[in-house]
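Here's the structure, in structure tokens; my notes come after.
Lettering of chains follows the sequences in order, A, B, ..., and the numbering in each one begins at 1. Please read all numbers here as calculations on a predicted model, not as lab measurements.
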Amino acid sequence: MLKLRHKTKDTLTAYLFVLPWVIGFLLFTILPIIFMVRTSFTDRKLNGLENFVAWENYIRIFNSKTFRTSFTSTLIFTFGSVIISGTWALTLALLLNIKQKYNRVFQFFYFVPAVIPSIALAYSFRTIFGKDSGLLNGLLENFGLPHEVNWLYDKNTVHFAVFLVVLFTYSTGQMMMIFRNGLNEVPNELYESASIDGASFINNFISITLPMISPIILFNIVMSVIGALNGSFALLFPLVTENGNPDGMTQVLSLLIYKEAFSNMRVGYASALSMILFLLSAVIGIMVFSISKKTVYYEV
Amino acid sequence: MKRRNLTTELSIFFVKLLFSVFMFMPIIWIISGSFKTLNEFTTTYRIIPQFLTLENYEYIFWKSNFLAYVRNTVLLMSLTTIGTLLSSSLVAYPLARINFPGKNMIFGLIIATLMVPEIALIIPKYMLFGEIGWLDSLLPMIIPAWFAHPYNVFLFRQFFRTIPKELDEAASLDGCSRFRAFFSVIAPLAKPIYLTIAVLSSVSWWNELTQPVFYLNSDKWRTLTIATMTSYMYTSGNAFVINWPSIMAISTIMILPPMVLYMSASQFFTEGFKTSGIKG
């Protein structure tokens with residue numbers, strides 16, 4: 001009896017502890033979702049005036065070429081970022097995992113771009129990619145290569161330019177650190193017994209390292225998908241502006257949402273776009289988790 | 001492990017060095033640009049400025065509301081960080097310790113909200129904050145931070161699980177309530193994770209750009225990041241001028257605190273990326 005009362009009291013205490021999250025969840029997640037759904041069926045303007053328009057926003061979205069380009073850009077940017085920054089982060093982590101002098105110094109240089117504001121990074125690269133006095137063209141000129149490229153405004157180079165900047169973002173740095181910790185946890189005996197069998201570095205990597213760190217790879221993929229969907233705005237808004245130059249090739253959904261809401265003042269339409277971004281992240285989330293169930297090696 | 005020969009050793013070292021130069025380049029570019037004149041910045045790509053000038057720093061200090069931007073940023077950073085430390089750790093505690101009905105559902109929901117990108121809900125939040133008159137202030141960013149952040153809850157929970165259960169159970173049996181046990185036993189033992197999250201949260205709010213872009217409008221509450229975007233462009237005659245060297249100067253000032261923090265407290269950054277427990 002005493003035990004039961006103790007348990008009820010404990011349950012109540014537990015609810016009291018989680019109360020801040022429950023309130024925050026209702027106010028700052030559920031309420032906005034409801035409001036977003038509702039507003040997406042109106043023609044609400046930035047000044048708050050609105051009429052109910054049923055499915056009109058969604059019909060307009062699916063007939064809009066701008067939206068289709070933006071949707072494709074979002075997918076390219078998200079999956080491109082995940083693959084490129086993931087590979088880069090793993091490369092850096094593997095390098096740092098080779099025990100040598102000054103590894104701490106190297107780790108500082110590899111990680112420090114991740115902790116600086118994205119605006120500083122974006123503006124740094126906007127000028128590094130500059131046509132006339134940019135560092136990149138300057139270096140190319142030094143090596144006698146073509147150096148009149150307008151990196152961020154040329155259709156052929158803009159993806160290269162954007163993905164190069166992605167290597168310096170927080171998402172990449174975070175993945176590198178997580179990979180480093182993960183690689184350290186792989187038991188050394190596994191490599192030792194493999195080296196008796198005469199396995200090469202590549203063999204070791206494929207048959208030992210990758211399976212052992214697969215849960216960490218999954219975790220990193222999840223984190224970097226969110227990072228790419230979320231961080232796209234802070235990186236691309238100052239880098240390629242709300243129009244996603246050139247020709248909207250880099251106008252990911254977050255930039256389009258901003259433009260519709262604040263430049264075109266169509267908040268209802270922007271809400272419908274937000275709904276699509278929200279659903280897209282849900283679909284990607286479910287997809288990543290279900291793929292991972294089949295491929296990730298878990299220690300039992 | 002086999003011993004590597006000297007050539008391999010040196011070439012690996014060289015590759016590491018090369019990568020370091022590459023990764024540090026944008027920072028060098030920012031710092032070097034901050035000492036250039038506008039004319040030199042827009043005409044050459046030299047790393048070492050021809051005429052070292054401090055005029056960009058003078059411009060920032062005297063011609064813009066620099067001190068207000070710093071004050072706003074520090075205010076935002078400290079109030080959000082204190083809020084998230086307190087609320088996220090309180091929420092994480094029962095998830096790590098107490099068995100109560102609905103626990104798995106709550107934890108599942110917290111992980112699920114982790115998957116929702118902030119940017120997807122920012123338009124409805126903008127409208128709601130507008131309704132209650134919070135726009136153009138720091139409130140839309142500070143207040144939600146006091147209601148627990150999913151990722152921080154996750155990190156706190158993982159850490160609390162490593163603290164032996166006997167410690168706070170002993171405190172509970174002593175007649176200590178759960179709250180007392182939390183503040184007198186758990187919280188002091190969890191100091192490393194508090195410091196880790198304090199560091200990560202401070203850096204992320206110091207760097208935050210997206211939310212200020214949406215919620216802030218006038219110059220009064222601008223943070224450093226948004227000021228960098230808006231305060232150093234002007235029209236001169238018919239031309240639209242972006243004062244790049246001033247932007248590089250304010251960027252230099254802006255990147256120093258996180259860099260120094262990382263140099264002096266790198267163990268807390270590393271701690272935040274520990275993966276033990278991801279599997280569980």
Under 4.5 Å to a heavy atom of chain A? For I47(B) that would be side chain
Turns out that what part of L164(A) lies under 4.5 Å from chain B's heavy atoms comes down to side chain
message: Taking the side chain as everything from C-beta on, heavy atoms only, tell me whether L121(B) gets closer than 4.5 Å to T29(A).
response: yes
Exercise. Does Y102(A) reach the side chain of F13(B), with side-chain heavy atoms less than 4.5 Å apart?
Worked result: yes
Applying a strict 4.5 Å limit to non-hydrogen atoms, the region of I122(B) in contact with chain A is neither
The interface call for F125(A) against chain B, heavy-atom contacts under 4.5 Å, is side chain
If one checks every heavy atom of L261(B) against chain A at 4.5 Å, the contacting part turns out to be neither
If one checks every heavy atom of I98(B) against chain A at 4.5 Å, the contacting part turns out to be side chain
Does the side chain of P124(B) come within less than 4.5 Å of T39(A)'s, by heavy atoms?
no
request  = Would you check if R44(A) and M127(B) make a side-chain contact, meaning some heavy-atom pair closer than 4.5 Å?
outcome  = yes
- Distance flag, aromatic centroids of F179(B) and F17(A), threshold under 6.0 Å: yes
Turns out that what part of L92(A) lies under 4.5 Å from chain B's heavy atoms comes down to side chain
Okay, N103(A) and chain B: the region with an atom under 4.5 Å from a heavy atom over there is side chain
Could you tell me whether the side chains of T127(A) and W244(B) share a donor-acceptor contact shorter than 3.5 Å?
-> no
So, the part of S20(B) with a heavy atom under 4.5 Å from chain A: the answer is both
Check: Is there a side-chain contact between F109(A) and L17(B) (heavy atoms, below 4.5 Å)?
Finding: no
d(I119(B) CD1, F237(A) CZ) to nearest 0.5 Å is 10.0 Å
Across all chains, not counting sequence neighbours, the ring-ring contact (aromatic ring centres under 6.0 Å, His included) partners of F262(A) are Y258(A), Y126(B), F214(B)
Give a yes or no on whether the backbone of E9(B) and the side-chain of Q100(A) come within a donor-acceptor separation of less than 3.5 Å. yes
Applying a strict 4.5 Å limit to non-hydrogen atoms, the region of S232(A) in contact with chain B is neither
From the list I255(B), T73(B), V203(B), L209(B), side-chain contact (heavy atoms from CB on, under 4.5 Å) with P117(A) holds only for I255(B)
Partner of W21(A) under side-chain contact (heavy atoms from CB on, under 4.5 Å), picked from V91(B), L95(B), L90(B), is V91(B)
| Does F22(B) have its ring centroid less than 6.0 Å away from the ring centroid of W88(A)? | yes
- Task: Verify, without hydrogens or angle tests, whether N207(B) (side chain) and V115(A) (backbone) share a donor-acceptor contact under 3.5 angstrom.
- Result: yes
When the 4.5 angstrom heavy-atom criterion is applied to Q107(A) and chain B, the contacting part is both
Cut-off 4.5 Å, heavy atoms of chain B, and the answer for L46(A) is side chain
Honestly, the part of R38(A) sitting under 4.5 Å from a heavy atom of chain B is neither
**Request:** Please examine the side chains of N142(A) and Y45(B), heavy atoms only from C-beta on, and report whether any two atoms are closer than 4.5 Å.
**Result:** yes
Applying salt bridge (charged side-chain N to carboxylate O under 4.0 Å, His left out) to R180(A) and not counting sequence neighbours gives none
If only atom types and distance count, is the side chain of Y110(A) paired as donor or acceptor with the main-chain N or O of K16(B) below 3.5 Å? yes
Under 4.5 Å to a heavy atom of chain B? For M223(A) that would be side chain
Note to self: With heavy-atom distances below 4.5 Å as the criterion, would you say the side chains of L31(A) and L128(B) are in contact?
What the structure shows: yes
(Q) Could you tell me if the side chain of I119(A) sits less than 4.5 Å from the side chain of M254(B), heavy atoms only? (A) yes
